**Student:** 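My structure is below; once you've seen it, I'll send some questions.
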There are 2 protein chains.
Amino acid sequence: MRPMSLPVGLPAIADSDLVGQIARILMQAIVQGRLPPGSKVVEAGIARELGVSRAPVREAARLLEKQGLLVASPRRGFFVRKLEIRNIDEIYDLRLCIERHASVLAARRLTPESRDMLRRQIDVLHRTADLDDPARQVEEDYRFHRLIFEIADNRRLLRLFDDLAAELRMVIGLIGRLYDDPHEIARTHEPLLAAIETGHPERITAHVDYHIGHAWREVGKLARACAAGRHYR
Amino acid sequence: MRPMSLPVGLPAIADSDLVGQIARILMQAIVQGRLPPGSKVVEAGIARELGVSRAPVREAARLLEKQGLLVASPRRGFFVRKLEIRNIDEIYDLRLCIERHASVLAARRLTPESRDMLRRQIDVLHRTADLDDPARQVEEDYRFHRLIFEIADNRRLLRLFDDLAAELRMVIGLIGRLYDDPHEIARTHEPLLAAIETGHPERITAHVDYHIGHAWREVGKLARACAAGRHYR
DNA sequence: CAAGATTAAACTGTCGACAATCGACGATTA
DNA sequence: TAATCGTCGATTGTCGACAGTTTAATCTTG
């Protein structure tokens with residue numbers, strides 16, 4: 001009965017959901033660096049290239065706009081969002097805010113089953129660390145945090161997190177590899193889960209602050225370096 | 001060097017923004033109770049009635065979907081979101097979460113000017129209380145809280161607040177009058193501002209909790225009564 | 001008479017077309 | 001020479017149309 005936590009990313013059975021497919025294609029193009037930040041997304045061009053009309057392309061663009069990957073300028077079209085430090089800071093600021101909240105909620109609603117799901121996901125993180133597949137690592141990391149939001153049981157909070165995560169994926173995709181030691185990514189989740197298990201709000205928020213704050217600093221550092229090095233024409 | 005565009009606040013040439021106009025019309029229709037919760041929004045019907053084509057109606061609907069007033073069901077169309085208690089609780093839960101955060105941020109960034117803006121808005125609230133215009137009262141209340149988010153200076157946070165507020169407006173519109181004593185609405189803002197002026201995070205969050213929590217309980221109570229009394233066919 | 005099958009109407013998803021608007025480029029003028 | 005104006009191509013906003021799907025209505029059939 002429950003949506004069964006669709007992994008937003010890759011497999012993506014192509015139903016007759018044309019808009020969704022186009023959105024995914026565009027998203028990939030953005031993350032992979034074609035369609036560089038700041039570039040214009042011409043509806044007719046995309047449509048011609050994909051062999052469809054402008055209508056579904058337009059809707060897909062609106063979808064990506066909602067997720068923050070594109071920005072719309074009336075009568076001028078859609079543009080790939082630039083990689084601004086300010087924007088990244090705003091994303092992480094908001095993420096920190098809602099993840100603190102979600103973690104406290106999750107602790108309050110924690111059951112033995114949900115606790116095990118979190119623990120298993122940490123195991124997955126450890127196993128994934130050996131694969132040397134950064135994209136997969138980011139994906140599994142995302143799943144862990146998404147689990148927290150699912151347990152918190154506020155659909156709106158979950159949707160918001162998904163949107164933020166989508167945008168972060170773009171950022172991380174543009175930046176490239178995130179962690180040097182993929183095992184560290186797994187290890188750092190354990191004290192977080194431990195804190196949640198205690199149920200103490202202050203301890204939980206402190207750990208979330210540390211965990212997310214760490215990612216914030218890392219991504220910020222890389223983004224700054226990236227922005228300084230790369231020049232968009 | 002500088003073109004020196006006239007700083008005169010030109011009223012921003014009346015929208016040729018068809019989509020925005022349609023969105024506003026639909027929003028009014030929803031709040032006023034035509035288009036009752038759960039009812040279907042037929043694109044062609046709206047389009048015919050307004051003398052436009054389906055394209056802009058569709059986009060307007062997507063806009064209202066993003067704001068949470070409508071829900072989209074693939075290949076079935078748009079429906080006016082039902083007034084579920086769960087949904088209201090989720091909205092207020094999220095609002096409480098981000099308003100705590102925004103208030104602490106605002107306190108950190110508070111300047112004499114921004115402090116005065118908040119104070120003046122409280123005065124406006126007092127003056128509005130005499131007018132016996134509930135809609136206006138809600139609007140000015142919204143303005144005060146929006147100011148806090150503006151001062152917090154996180155565009156994403158602000159946009160999120162605007163979306164939540166839009167949905168709350170619908171809820172409140174459906175429920176009807178909110179406060180019996182409109183002056184109370186103004187008074188309760190003063191200790192909140194005072195707390196922000198102190199700059200103590202714990203004191204601020206405590207006051208936000210009280211302030212928003214109060215509204216949450218009020219709205220929840222009325223919504224429950226409303227949902228119990230009214231039956232949608 | 002009720003439940004399932006069948007058909008018709010209504011509606012969404014998608015398409016191609018056209019006019020209004022934007023941005024770039026070059027002409028004009030001081 | 002620099003700034004402004006007009007022109008032209010490119011692109012978005014909007015439109016009406018059509019096909020496939022969903023919903024409602026009607027017709028079976030046990």
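The figures that follow rest on heavy atoms only: side chains count, while hydrogens, waters and symmetry mates do not. First the proteins, then the strands, lettered A, B, ... as listed; each starts at 1. Since the structure is predicted, the reported quantities are computational estimates derived from the model, not experimental observations.
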**Student:** Taking the inter-plane angle between the rings of B:Tyr92 and B:Trp216 on a 0 to 90° scale, is it parallel (under 30°), tilted (30 to 60°) or perpendicular (over 60°)?
**Tutor:** parallel
**Student:** Considering only C:dC22, D:dC15, C:dG13, which nucleotide approaches the side chain of B:Glu43 most closely?
**Tutor:** C:dG13
**Student:** Is it true that B:His101 and A:His101 have ring centroids separated by less than 6.0 Å?
**Tutor:** no
**Student:** Expressed in angstrom and rounded to an integer, what is the separation of A:Phe78 atom CZ from C:dC22 atom P?
**Tutor:**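 Those two atoms, CZ and P, are 16 Å apart.
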**Student:** Give one of base, sugar-phosphate or nothing for A:Glu59, where a contact means two heavy atoms less than 4.0 Å apart.
**Tutor:** nothing
**Student:** Less than 3.5 Å between a donor and an acceptor, one on the side chain of B:Arg54 and one on the base of C:dG13, is that the case here?
**Tutor:** yes
**Student:** Would you say the side chain of A:Arg120 lies within less than 4.5 Å of the side chain of A:Met117, judging by non-hydrogen atoms?
**Tutor:**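 Yes. Closest side-chain heavy atoms under 4.5 Å.
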**Student:** Select one nucleotide: of C:dC11, D:dC15, D:dG13, the one nearest the side-chain heavy atoms of B:Val52.
**Tutor:**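 Shortest atom-to-atom distance from the side chain points to D:dC15.
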**Student:** Using whole Å, what does the distance between atom P of nucleotide D:dT14 and atom CZ of A:Arg58 come to?
**Tutor:**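 The distance from CZ of A:Arg58 to P of D:dT14 comes to 8 Å, rounded to the nearest Å.
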**Student:** Using a 4.0 Å heavy-atom cut-off, does A:Val57 contact any base of the nucleic acid, only the sugar-phosphate backbone, or nothing at all?
**Tutor:**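 Nothing: the residue A:Val57, judged by heavy atoms under 4.0 Å, touches no strand.
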**Student:** Whole Å only: how far is the CZ atom of B:Arg62 from the P atom of C:dG13?
**Tutor:**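 So the CZ-P distance, B:Arg62 to C:dG13, works out to 7 Å.
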**Student:** What's the closest nucleotide to the A:Ser53 side chain, out of C:dC22, D:dC15, C:dG16?
**Tutor:** C:dG16
**Student:** So which nucleotide from C:dT12, D:dC15, C:dG23 ends up closest to the side chain of B:Lys40?
**Tutor:** C:dT12
**Student:** Provide, to the nearest angstrom, the distance between the CD atom belonging to A:Gln21 and the C1' atom belonging to C:dT14.
**Tutor:**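 Whole-Å distance recorded here is 14 Å.
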**Student:** By nearest atom, which of the nucleotides C:dT12, D:dT14, C:dC15 is closest to the A:Ala55 side chain?
**Tutor:** C:dC15
**Student:** Expressed as a whole number of angstroms, how long is the span from A:Arg75:CZ to C:dA19:P?
**Tutor:**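 Answer to the nearest Å: 16 Å.
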**Student:** Atom CG of A:Leu18 to atom C1' of C:dT12: distance rounded to whole Å?
**Tutor:**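 Roughly 13 Å, once rounded to whole Å.
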**Student:** Which one of A:Lys66, A:Arg155, A:Arg146, A:Arg143 satisfies the salt bridge (Lys or Arg N to Asp or Glu O under 4.0 Å) criterion with A:Asp162?
**Tutor:** A:Arg146
**Student:** Given atom CG of B:Leu50 and atom P of D:dT14, what is their separation to the nearest angstrom?
**Tutor:**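 Interatomic distance, CG of B:Leu50 to P of D:dT14: 13 Å.
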**Student:** Start at the 5' end of DNA chain C and walk down; is the nucleotide closest to A:Arg76 or to A:Val19 reached first?
**Tutor:**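 The residue mapped nearer the 5' terminus is A:Val19.
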**Student:** Send over the distance from B:Ile22 CD1 to D:dT14 P, rounded to a whole Å.
**Tutor:**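 B:Ile22 atom CD1 is separated from D:dT14 atom P by 7 Å.
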**Student:** Which heavy atom in B:Pro36 sits nearest to a heavy atom in B:Val80, and how many Å separate them?
**Tutor:**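 Answer, listing the atom of B:Pro36 first, then B:Val80: O-CB, 3.6 Å.
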